[in-house]
Amino acid sequence: MNSARRTGDRHALRDYALFAAFVAPNLLLLLLFVYRPLVQGVWLSFFSWDLISPDWEWVGLDNYREYLTDSASHYILRNTLIFSVGTVIGSMSLGLGLALLLNLPLRGREVVRTILFTPYVISGAAIGVVWLFIFDPRLGLLAALLAKVGLPSPDWFNDPNWAMPMVIIAYVWKNLGYTVVVFLAGLQSIPGDLYEAARVDGAGSWSRLRHVTLPMLSPVTLFLLVTNTLSSVQAFDMIRVMTQGGPLEATKTMNYQLYEEGFVRFHVGTASTIATLLFLLLLATTLLQLRTMERRVHYS
Amino acid sequence: MPASVSFEHVNKTFGDVHAVRDLTMEIDEGEFLVLVGPSGCGKTTALRMVAGLEDLTSGSIRIADEVVNGREPRDRDIAMVFQSYALYPHMSVFDNLAFGLRQRKTPDDEIQRRVADTAAMLGLEDLLARKPRQLSGGQRQRVALGRAIVRRPNVFLMDEPLSNLDAHLRLRTRGEIVTLQRQLQTTVIYVTHDQVEAMTMGTRIAVLNQGVLQQVDTPQHLYDHPANVFVATFIGSPAMNLFSGEVTAAGEGLAFSATGMRFPLAPGLVPVGHTGAVILGFRPEHLRLTATDDPLGVPGEVTLLEPLGSDLFVSVRVAGHEGAVVARLAPETVVRVGERIALAPDLSKAHLFAADTGARL
Ligand SMILES: Nc1ncnc2c1ncn2[C@@H]1O[C@H](COP(=O)(O)OP(=O)(O)OP(=O)(O)O)[C@@H](O)[C@H]1O
Ligand SMILES: [Mg+2]
């Protein structure tokens, strides 16, 4: 009995050593390149520093106080929320719709799938440039299409009310492929006989979508909700190319502001403060999403 | 109300595969019809066409005398038990049972009552709150059965519903399904490839081979008068012993002769004037041990003994004959592997088939 336990312990020890041997290198890299900068960033947020001078001035929580009481940052926080909610809802609903269509046995769906996925692997800057041409109020494709139905083109770049919808549309278009492909994989893993059973049970196509497809997709949906939220809050390149956060800061998000504070105005302390707040915000959002959704998610 | 089902010249092709060929068959109200045949013979396809899950290539299917071609499954008043059970994994047992009723806008109190009745009938009362993944294979099978029963359909379709159960549970559930059917008086079409299930459950059996209906009959008639060599060997275990040979004139009557065998044939067994190549068949229970010098005996060497307790199956290698000849003998019979014995057939129980077509003569 006693010796058996000792051999058990020895086994556990050997397993643990093996585990450590495999995991340690990765863990080390993560510590070095992810967690160290993270901690450093938080540390920097307590200082005032211009990125060059050798003096770091300790300011305690001043950066936070200043940021959180500034009305400009409230506007930027609002922008961040609108952009994220808009892009997440846009990509998820369009993505699900397209995935449902592409899951039908239609001809040419492989081609459509490839076309949809391509923007996702092209650089955001390049796509931003393309959309500049599309949205151009005088020469753009969109203006020409709107003219066909007798509508004037909004002044996308100079009107603060239209600039945000513009970047949301462009961003959703670029990232739709990812959502579609993940939803499609989810759809294809639903056993076909469930649909047959539902048909025999009397369920029409709407009812099958509601009672079979959507519940069976719930793990994939939760996954997409979290990953899409995380990536949209961190959107940068398309905003940089299309609007530079303008007009009148109408498309400036926290991530974009972080870049400006840190690398244009060299307010490293403020930039680190924004980074820390953004990190906390994302952490809270993700936890909330996991907590509230998890109960409704069905994992088979 | 149980409904009749009829197939009229039904064909189904998938590309080059002719899954069901010119199937014509009547299934009466309240009948338990078993569709049996080897793998790939078109059983599932035939069943799915009744369910409306598969379109017909040609012909028509009637349920309760109405042609249902092109009708959605839900408008056919059928229920189906899938081989995989196809339970909704995200719903509780209760919701699985209630789903079909809810789709049909059944009032809530009636749903409660019917689900409770069905659960009681199948012993599922304590499992109603569970999800399918929290059930054993046998319990899942019951839920699948319950989902069909709860709707009181006119026709039950079952596609190998027992094939995922272990032997013991299969035996028990087999009996329960039959009892349930007698109780509910519903028409059942039951697909299986297991001929024991077919024999024990069906009021009639339809044997399919390569998409072609071979014979539909009561189990006993099918066993006693198989329409052709395929049915003769498919139904019955161990299979019927077949001997290829010739019918020849022998004095007044006719005789069967093959290498090392010569039997007089009872008058009436062969149509008058038929001579030439035939296949003669005897079921294992119609062979008995005889003296090795019996002129009516088939001599051979024992290769295998299978004592079942109630019976003893003896496999014998006979010269000039492919495969083993199997006899069912009394369990106390004393024979050894390697021993030379002779088996005498009961000539009144002989089955005779044409050698070219395999059809019964
Ligand atoms: N959707 C399909 N597409 C192409 N061929 C099919 C399809 N469904 C069935 N078949 C073919 O039709 C034939 C009959 O198939 P079916 O499933 O009816 O056989 P079965 O008798 O149920 O066999 P098993 O006992 O193995 O379930 C087979 O040759 C099969 O390959
Ligand atoms: Mg089958």
Side-chain angles (χ1 to χ4, degrees), chain A residues 92 95-96 99-100 103-110 182-226 289-300, chain B residues 44 47-54 71-92 95-106 111 131-135 140 143-161 164:
Chain A
M92 302 270 294
L96 178 62
L100 288 170
N103 198 37
L104 298 175
L106 300 174
R107 264 205 294 157
R109 58 181 183 166
E110 281 79 15
V182 176
F183 265 136
L184 254 181
L187 284 173
Q188 275 159 9
S189 70
I190 302 176
D193 56 7
L194 287 186
Y195 289 106
E196 297 190 334
R199 272 174 74 190
V200 171
D201 265 342
S205 48
W206 173 246
S207 190
R208 292 200 292 273
L209 177 69
R210 207 174 101 77
H211 296 293
V212 179
T213 309
L214 294 183
M216 295 298 285
L217 278 183
S218 56
V220 167
T221 309
L222 177 60
F223 171 78
L224 282 173
L225 182 68
V226 171
Q289 284 172 340
L290 290 176
R291 283 287 292 277
T292 52
M293 289 283 294
E294 195 104 81
R295 270 182 288 118
R296 290 188 225 168
V297 167
H298 149 78
Y299 295 101
S300 50
Chain B
T44 297
L47 196 74
R48 287 168 57 85
M49 287 191 288
V50 178
L53 294 171
E54 209 82 73
R71 245 194 235 177
E72 267 293 296
R74 63 175 155 176
D75 301 323
R76 297 184 178 215
D77 209 4
I78 48 109
M80 184 151 169
V81 180
F82 292 81
Q83 181 173 358
S84 61
Y85 308 150
L87 300 178
Y88 309 118
H90 52 285
M91 294 185 200
S92 65
D95 290 336
N96 264 282
L97 296 180
F99 185 70
L101 297 173
R102 290 195 177 126
Q103 292 304 308
R104 278 152 219 268
K105 307 268 182 292
T106 314
I111 293 181
K131 294 276 172 66
R133 67 168 176 279
Q134 300 164 315
L135 301 176
R140 282 179 210 181
V143 177
L145 212 56
R147 190 168 62 176
I149 291 172
V150 78
R151 289 211 347 253
R152 314 268 162 79
N154 291 342
V155 183
F156 270 118
L157 306 173
M158 305 194 187
D159 191 359
E160 311 209 20
N164 291 330

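Side chains included, hydrogens not; waters and symmetry mates left out as well; all remaining heavy atoms used. Residue numbering restarts at 1 for every chain, and letters A, B, ... go by the order of the sequence lines.
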Could you pull out all donor-acceptor pairs under 3.5 Å where a side-chain atom in residues 193-200 of chain A meets a protein atom, sequence neighbours excluded?
residue: A/D193; atom: OD2; partner: B/S84; partner atom: OG; Å: 2.3
residue: A/Y195; atom: OH; partner: A/T213; partner atom: OG1; Å: 2.8
residue: A/E196; atom: OE1; partner: B/R48; partner atom: NH1; Å: 2.7
residue: A/E196; atom: OE2; partner: B/R48; partner atom: NH1; Å: 3.2
residue: A/E196; atom: OE2; partner: B/R48; partner atom: NH2; Å: 2.8
residue: A/R199; atom: NH2; partner: B/G52; partner atom: O; Å: 3.4
residue: A/R199; atom: NH2; partner: B/E72; partner atom: OE2; Å: 3.4

Just so I understand: if I count every heavy-atom pair under 4.5 Å between each of B/R104, B/R102, B/M80 and chain A, which residue has the most?
B/R104
Between B/F82 and chain A, which part of the residue has a heavy atom less than 4.5 Å away: side chain, backbone, both or neither?
side chain
Do A/R210 and A/P215 come within less than 4.5 Å of each other through their side chains, counting heavy atoms only?
no
Ignoring hydrogens and geometry, is there a side-chain-to-backbone donor-acceptor pair from B/R140 to B/Y85 under 3.5 Å?
no
Considering only heavy atoms from C-beta outward, does the side chain of B/K131 approach that of B/P89 to under 4.5 Å?
no
Measure from the ring center of A/H211 to the ring center of B/Y88 and say whether it is less than 6.0 Å.
no
With a 4.5 Å cut-off on side-chain heavy atoms, are A/L96 and A/T221 touching?
no
Are the side chains of B/P132 and B/V143 in touch, meaning some heavy atoms are under 4.5 Å apart?
no
Sort by residue number and list every member of residues 148-160 of chain B having a non-hydrogen atom under 4.5 Å from chain A.
B/R151
